[in-house]
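The next block holds one structure in the form of structure tokens; read it before the comments.
Every value quoted in this text rests on a predicted model; they were computed, and no experiment measured them. FYI, side chains are in, hydrogens and waters are out, and symmetry mates aren't considered; it's all heavy atoms of this structure.
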Amino acid sequence: MIALLEAHRAGLFARKHWLPNIAAGIVVGVVALPLAMAFAIASGTRPEQGIYTAIFAGGLVSIFGGSRVQIAGPTGAFIAILSVITAKYGIAGLQVATLMAGIILLLMGLARMGSVIKFIPAPVIVGFTAGIAVIIFVGQWAYFLGLPKVGGEHFHENVWRLLLVLPETHAPTTALAVMSLLLVIYSPRIPGLSKIPGPLVAMVAATLAHVAFDPPGVATIGTAFGGIPTGLPPLHLPDLSLSQMILLIGPAFTIAMLGAIESLLSAVVADGMAGTRHDSNQELIGQGIANIVTPLFAGFAATGAIARTATNIRNGATSPLAGLMHVATLVAVVLFLAPLAEHIPLAALAAILFVVAWNMSEAPHFIDILKKAPRADRVILVITFLLTVFADLVVAVNVGVILAILHFLRRMAEVVETKEMDTLALQSELARHGFRELPPGMMVYEIAGPMFFGAVENFERVLLQTHTDPKALIIRLRQVPFMDITGIQTLEVAITKLRRRGIHVVLSEANARVLGKLQRAGVVGKIDAPDYAETFVDAVRMLTAAEAPPAAA
């Protein structure tokens, strides 16, 4: 409830803030109505379940979330995942997976993993978002053109079967769909309609056209689903048997992962627009609670909705009151206007989703990355996009992140340098302590950069391939910020090999963190020979004393 408390402390629940927040909530509720039904149908559920999801998830996230102005509900990003889960496990399975995903999100928030979004590179996010947009777009062809439903396990099979049935395009359905699409896009430019959300204009116009002309063969919510029931659903516990939960653990993690990414992205966008600062961990907790409760009331997976959150802010929202008012608006629709939904053409909802898919695709941003980004980022973008479309979202994100990590490690390994320092480079440092030059037979190497598993090969090769064996070797660690166990073990092996060649090795100038790790690993602190010095000059003196012949008796 951090957002609520912060809004209260900021005085945003004062009477003067009521009107703008109430007005913003009503507008968002109106925008959410057609989107909620469209997302529900595209996800394989009934249209009213989308509204229930927007009501319960929207209210709970407004109360328990970490952003003052976040609007939650069903989103387009989930369609590609939820439609597959619904087709394979049914609506009951989808609700169990949603509840389990809510528990995972709640645990992520309690474990303070809200910074997860920072570890998803931009090419991966843009790639899978664009891939989801393509899946949504193709998935709505049948409704937009009035084609018979086709089924295909894979994307390319689905596209091919849709192409085969294109000659069966239903003209009245297509006409209504095209009209709806034009209204969604252009109605905000029409005087008198500019303040009415385009999706609402399209849905109402298409519904009135269908009622007036009653074209035969046009699918509506009434013909496809029997209309929308009046009132809110009762509490219903899904099947939470152990076997069912084990079966759905994979889908649940998929929902949780995407829900975390989408909600935190939306919260970041909200911060940029409203000048607020969200609590990412509390946002995950709020999303977790919402996804635990929503399936108990016939809903399904929900997350922060970027477009509706932006609409909320643009219309003057400053506090969670707007999100609660958006819920109240949807409740009023379900209680008093549900029977009117019977005549809404599915083609109009498909047209709305076409625009949603276009906005999700971020096509200009996608093209910009392809044109301007480094080659590795372009490759990651394209691979993530193709895997999202042709394989699976989780596979796409995992592969994209792994490729990004491997590329980062390769670049990090390239900047780690192990080099010999010559006397000229050390002259001023030596002169301050009475040395004109390095004592004979002594060499100095310096390691610059993190000593981790990706960089050890270069370090070991340079360190061990000295042209001549010196009597003593100083390895300076002042520019090593950290070491992992592979780096420590590699350093230990190299020191052992050098000592077998009769070379006295001393490490110097490690920071406290690195020195502690070397001591715990037993690399320094041995009693058989001095092996560490706090400063470079101390190392020189230590080795000079060690190499000096013993005094005559």
Could you check whether any side-chain heavy atom of [X] comes within less than 4.5 Å of a side-chain heavy atom of [Y], counting everything from C-beta outward?
X	Y	value
I91	Q95	yes
V150	N158	yes
L82	I255	yes
R308	T75	yes
L237	L296	yes
M325	I26	yes
T384	V399	no
I221	I228	yes

Closest heavy-atom pair and its distance - [X], [Y]:
X	Y	value
I120	V401	CD1-CG2, 4.1 Å
P167	L164	CD-O, 3.4 Å
G65	Q282	O-CG, 3.6 Å
G58	V327	C-CG2, 3.7 Å
P251	I85	CB-CD1, 3.6 Å
A57	T294	N-OG1, 3.4 Å

(request) Kindly indicate, with the supporting measurements, whether the criterion side-chain contact (heavy atoms from CB on, under 4.5 Å) is fulfilled by D271 and T276. (result) CA-CA 5 Å; D271 286 347; T276 56; 2.9 Å; yes

[atom1]/[X] to [atom2]/[Y] distance, rounded to the nearest 0.5 angstrom?
X	Y	atom1	atom2	result
I313	R68	CD1	CZ	11.5 Å
L162	L145	CG	CG	8.5 Å
I136	L353	CD1	CG	6.5 Å
I380	I402	CD1	CD1	11.5 Å
L264	S280	CG	OG	6.0 Å
H343	T207	NE2	OG1	9.0 Å

Quick one: does [X]'s side chain have a donor or acceptor within less than 3.5 Å of a partner on [Y]'s backbone?
X	Y	value
T53	G299	no
D392	L387	no
N291	A302	yes
H170	P216	yes
N312	A317	no
T169	L166	yes
N315	A23	no
T223	T220	yes
Q49	R46	yes

(request) Report the C-alpha separation of M179 and L183 in whole Å, then their side-chain angles, then the decisive distance to 0.1 Å, and conclude whether the side-chain contact (heavy atoms from CB on, under 4.5 Å) test is met. (result) CA-CA 6 Å; M179 179 193 76; L183 285 172; 4.2 Å; yes

(request) With side-chain contact (heavy atoms from CB on, under 4.5 Å) as the test, would you mind laying out the steps for L258 and L393 before giving the verdict? (result) CA-CA 9 Å; L258 183 57; L393 175 65; 3.6 Å; yes

(request) Go through M257 and V394 one step at a time and tell me if the side-chain contact (heavy atoms from CB on, under 4.5 Å) criterion holds. (result) CA-CA 9 Å; M257 183 183 69; V394 177; 4.2 Å; yes

(request) For the residue pair F144 and F354, categorise the inter-ring angle as parallel (less than 30°), tilted (30 to 60°) or perpendicular (more than 60°). (result)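 Judged by the thresholds at 30° and 60°, the geometry between F144 and F354 is parallel.
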
(message) Quick test of your reading: applying ring-ring contact (aromatic ring centres under 6.0 Å, His included), list the pairs with at least one residue in residues 295-321, sequence neighbours left out, ordered by first then second residue.
(response)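 Residue pairs with at least one partner in residues 295-321: F56-F297.
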
(request) Scan side-chain atoms only and decide if S266 and Q70 contain a donor-acceptor pair under the 3.5 Å cut-off. (result)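 Result is yes, a qualifying pair exists.
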
(message) Atom CZ of residue position F253 - does it have more than 12 heavy atoms of other residues, nucleotides or ligands inside 6.0 Å?
(response)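 Check fails, neighbour count at 12 or below.
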
Which donor-acceptor pairs under 3.5 Å do side chains of residues 31-45 form with protein atoms, sequence neighbours excluded?
{"from": "S43", "atom 1": "OG", "to": "F39", "atom 2": "O", "distance (Å)": "2.7"}
{"from": "T45", "atom 1": "OG1", "to": "A40", "atom 2": "O", "distance (Å)": "2.9"}

